[in-house]
Amino acid sequence: MTVRVRFAPSPTGYLHIGAARSALFNWLFARQMGGKFLLRIEDTDLQRSTDESTRSILEGLEWLELNHDEELVFQSANAPKHRAAAERLVAEGKAYRDFTPKEQRDDKNVKQGIADRARSQAAEGLDQRSNPYRDLPREEAERRAAAGEPFAVRLKVAGEGRTRFEDIVYGTQERSYAEIEDLVLLRSDGHPLYNLSVVIDDIEMGITHVIRGQDHLTNTHKQILIYEALGARIPQFAHLPLILAPNKSKLSKRKHGEVVSLTTYRDRGFIPDAFVNFLVLLGWSPDTTQYAAGLVGNDQEVQPNLDPNNEIYSREELKHLFSLDRIHKSNAVFNFTENDPRHWTDDKALWMNAEYIRTMPLVELLPMVKAELRANKLWREEYEEDDRDWFEKAVELIRHRFFTLKDFSAQGRAYFSDDFDFDDTAVARNLKKEPRLKEWLPALATRLETVEPFDAAAVEAALREYADELGVKAGLFINASRTMLTGQAVGPSMFEVFEIMGKDRSVERLRSGVPWFDSASV
RNA sequence: GGCGCAUUGGUGUAGUUGGUUAACACGCUGCCCUCUCAAGGCAGAGAUCACGGGUUCGAGUCCCGUAUGCGCUACCA
């Protein structure tokens, strides 16, 4: 049977990176098995669901290139089917109408309320099957319902027995019926509840493997009960460990802000493949020994990375290497430091991104740089045509010390525009420390004007010659030039920079007195 | 309260059926390279494998208990 998996987020906020990882694992599994990856928006909770969230989820998946097969499903559209299924179960005597008035729950203290209720129930020795409406004669139930009395529909869970399933990640899971209450299928206002909806939809969509967060592990027992009542085939389950905050609490938007939102990474200049690479390693690791032994993938056109000292895996490699049984059970901590711009997200993610920026094929990087420059009004069409060569060389030159795509428009700005800022510390350290540079630099400019061809080697010779004549270290000029030409204290080898900037711009910037009169000094 | 799941250096992980100095990646420190900063190269610090028992000639690996964390327990998803 073909594998069919789904990612089923509820649109009650941005796309959480933990959810994004679930989507990734589903996608990887589907692509590896030649199966289908489906997408379903679980907008059952109409109060909290928003179109904006749906859009953000779609955008996030698109950014990660986790394209789905078949039509997008909105769970709310299936509500009639969910209701019909519940009614069928009532008709078959597998579920019943509960006329108990709805309890008002304070949204804030739900957990506390649950614990309190459980405690008092335990004290009174109440069992889960004590609902007075459970065995109400059918006629009476029909009559009261027809009279318009509100009721919820509950599943009639058997008194004796246990549910059992093999979780691909967590192994055998068992639970006694005695621990499961008669769960509500339909609210008294007629709305289907989560556990019912997922099951019906998963059946409807022909899902063979349910891969989702570990927070659903114990709910799975309830869902199995519904599958059984419906007489449907039960899919395979694989639950994923959770991604936690540095203090091991749940990662949440309210507490942790934008670090948990996937679109943040797009907006802050991450490379999709780099983020995928980082994410996949949270809770999963490849079995490189199997590959080395030639047990897997020997007939593949892709030669996966076998080096255990290297964690860079391309999407193609991951499609071959991924396996559900290498997912592990313990939760992973997503490491970041709040209020520290240098460590705003996990260091490894940042490193991974930098690694991709400096090593990925240039042709794949160029369109991303283009988009970044364009967004900052730094893009010029000539880069695509006449100056294509120059553009490629410039990107190649500067990419090696960048961490995100943003750096191309920030630190890299001076390469693409004459309107750039001077870094204060760079000006102080490389220029103002030696006041005579104010005269020397224009003089250097004059020297360079005669250099032909204006390449790295020739510029270097001219600059060193001038430094020798003045009896100062070449480094003085090199660093000063770097600041004059790029506004920065750091950057690529300076002679390469001269060459890329070209004679005209180099000379002009060396002569410009701008940084000398800038704000910091006056 | 009940039930479930987990626990290897700061973080992510490796560690096949128990067997010599617990491996790798990120981060950190130092050195080399050098015009700066990275990258790269080299070296290094950092783990009594949550704790306590037990089985065994021998346990990170098996068993029991404890602790801690997380999850579920809802007419939320």
Side-chain angles (χ1 to χ4, degrees), chain A residues 8-10 12 42-45 47-49 98 100-103 105 107 110-111 113-123 150-154 170-171 173-176 179-181 183-189 191 193-195 197-198 213-222 239 241-242 244 246 248-250 278 281-285 287-290 307-312 328-336 343 346-352 354-355 358-359 400-403 426 429-430 460 463 473-479 481-483 488-495:
Chain A
S10 58
T12 52
E42 305 219 317
D43 53 348
T44 307
D45 187 340
Q47 264 92 44
R48 289 196 293 158
S49 300
D98 181 359
T100 313
K102 186 184 171 189
E103 261 179 71
R105 244 172 235 292
D107 229 32
V110 251
K111 304 272 173 193
I114 293 163
D116 291 346
R117 198 182 63 149
R119 239 184 308 266
S120 67
Q121 273 188 4
F151 61 89
V153 173
R154 286 184 185 270
Y170 287 92
Q173 301 293 313
E174 274 191 297
R175 196 159 189 203
S176 162
E179 289 157 19
I180 306 174
E181 72 170 344
L183 57 141
V184 173
L185 266 19
L186 243 40
R187 292 202 307 214
S188 45
D189 62 7
H191 275 108
L193 243 36
Y194 171 74
N195 281 312
S197 300
V198 239
Q214 187 230 51
D215 43 346
H216 291 295
L217 189 61
T218 43
N219 275 332
T220 305
H221 294 281
K222 295 180 181 176
H239 285 89
L242 269 20
L244 270 25
K248 300 197 195 300
S249 70
K250 204 170 170 175
F278 169 75
L281 259 14
L282 240 38
W284 174 83
S285 63
D287 183 356
T288 45
T289 62
Q290 244 194 356
D307 186 357
N309 301 355
N310 179 343
E311 293 189 332
I312 303 295
H328 50 111
K329 302 174 180 145
S330 57
N331 295 339
V333 170
F334 186 66
N335 202 15
F336 61 94
H343 303 282
D346 199 301
D347 280 340
K348 196 165 181 170
L350 250 13
W351 170 80
M352 192 77 81
E355 182 69 16
R358 62 181 168 250
T359 63
H400 292 92
R401 56 216 80 203
F402 286 173
F403 279 77
R429 184 145 53 95
N430 291 341
E460 174 164 13
L463 184 145
K473 284 172 139 184
L476 181 71
F477 277 125
I478 290 169
N479 288 324
S481 303
R482 172 150 34 238
T483 301
Q488 304 279 308
V490 302
S493 167
M494 196 51 211
F495 301 113

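Throughout, a chain's letter reflects where its sequence line sits, starting with A, and its residues are numbered from 1.
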ask   = Nearest of C75(B), A6(B), C72(B) to any side-chain atom of N219(A)?
value =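 That would be C72(B).
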task = Name the closest nucleotide to the D215(A) side chain, picking from U13(B), U73(B), G71(B).
result =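 The closest nucleotide is G71(B).
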Does [X] put a side-chain nitrogen or oxygen below 4.0 Å from OP1 or OP2 of [N]?
| X | N | result |
| --- | --- | --- |
| H328(A) | U13(B) | yes |
| K222(A) | C72(B) | no |
| N310(A) | C24(B) | no |
| R175(A) | U73(B) | no |
| S188(A) | C75(B) | no |

task = Using side-chain hydrogen bond (donor to acceptor under 3.5 Å, both in side chains) as the criterion, list what pairs up with S188(A), not counting sequence neighbours.
result =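 By the side-chain hydrogen bond (donor to acceptor under 3.5 Å, both in side chains) rule, S188(A) matches no residue at all.
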With rounding to the closest Å, how many angstrom separate the [atom1] atoms on [N] and [M]?
| N | M | atom1 | value |
| --- | --- | --- | --- |
| U48(B) | U21(B) | C1' | 14 Å |
| G1(B) | U17(B) | C1' | 41 Å |
| A22(B) | G44(B) | P | 15 Å |
| U66(B) | U13(B) | P | 28 Å |
| C63(B) | G27(B) | P | 37 Å |
| U68(B) | C28(B) | C1' | 27 Å |
| C3(B) | A74(B) | P | 15 Å |
| C26(B) | A39(B) | P | 10 Å |

message = Distance alone, cut at 3.5 Å: any donor-acceptor contact between the side chains of S49(A) and D43(A)?
response = no
ask   = How about Q214(A) and Y170(A): does a side-chain donor come under 3.5 Å of a side-chain acceptor?
value =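 There is such a pair (donor and acceptor under 3.5 Å, judged by atom type) between the side chains of Q214(A) and Y170(A).
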key: Any donor-acceptor N/O pair, D346(A) side chain to N335(A) backbone, under 3.5 Å   =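 At least one qualifying donor-acceptor pair exists.
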message = Assuming nearest nucleotide by heavy-atom distance, tell me which of A349(A) and R358(A) is located more 5' along RNA chain B.
response =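 Result of the comparison: A349(A).
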task = Starting from the 5' end of RNA chain B, give me the residue, H343(A) or Y170(A), whose nearest nucleotide shows up first.
result = Y170(A)
inquiry  = Could you check whether any side-chain heavy atom of L463(A) comes within less than 4.5 Å of a side-chain heavy atom of E460(A), counting everything from C-beta outward?
reply    = no
ask   = Is any side-chain heavy atom of V198(A) less than 4.5 Å from a side-chain heavy atom of E42(A)?
value =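 Counting from C-beta outward, V198(A) and E42(A) do come under 4.5 Å.
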query = For the base of C35(B), is there a side-chain donor-acceptor partner from R482(A) under 3.5 Å away?
reply = yes
ask   = Do the side chain of T218(A) and the base of C3(B) come within less than 3.5 angstrom through a donor-acceptor pair of N or O atoms?
value =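 Check fails, no donor-acceptor contact within cut-off.
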ask   = Paired stems touching RNA chain B, three or more consecutive Watson-Crick or G-U pairs with both distances under 3.5 Å?
value =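 Looking at RNA chain B, the stems formed by three or more consecutive pairs are B:1-7 with B:67-73, B:10-13 with B:23-26, B:28-32 with B:40-44, B:50-54 with B:62-66.
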key: Between P of C3(B) and CD1 of I114(A), the distance in whole Å   = 17 Å
query = Closest heavy-atom contact between E311(A) and L281(A)?
reply = O-CD2, 3.7 Å
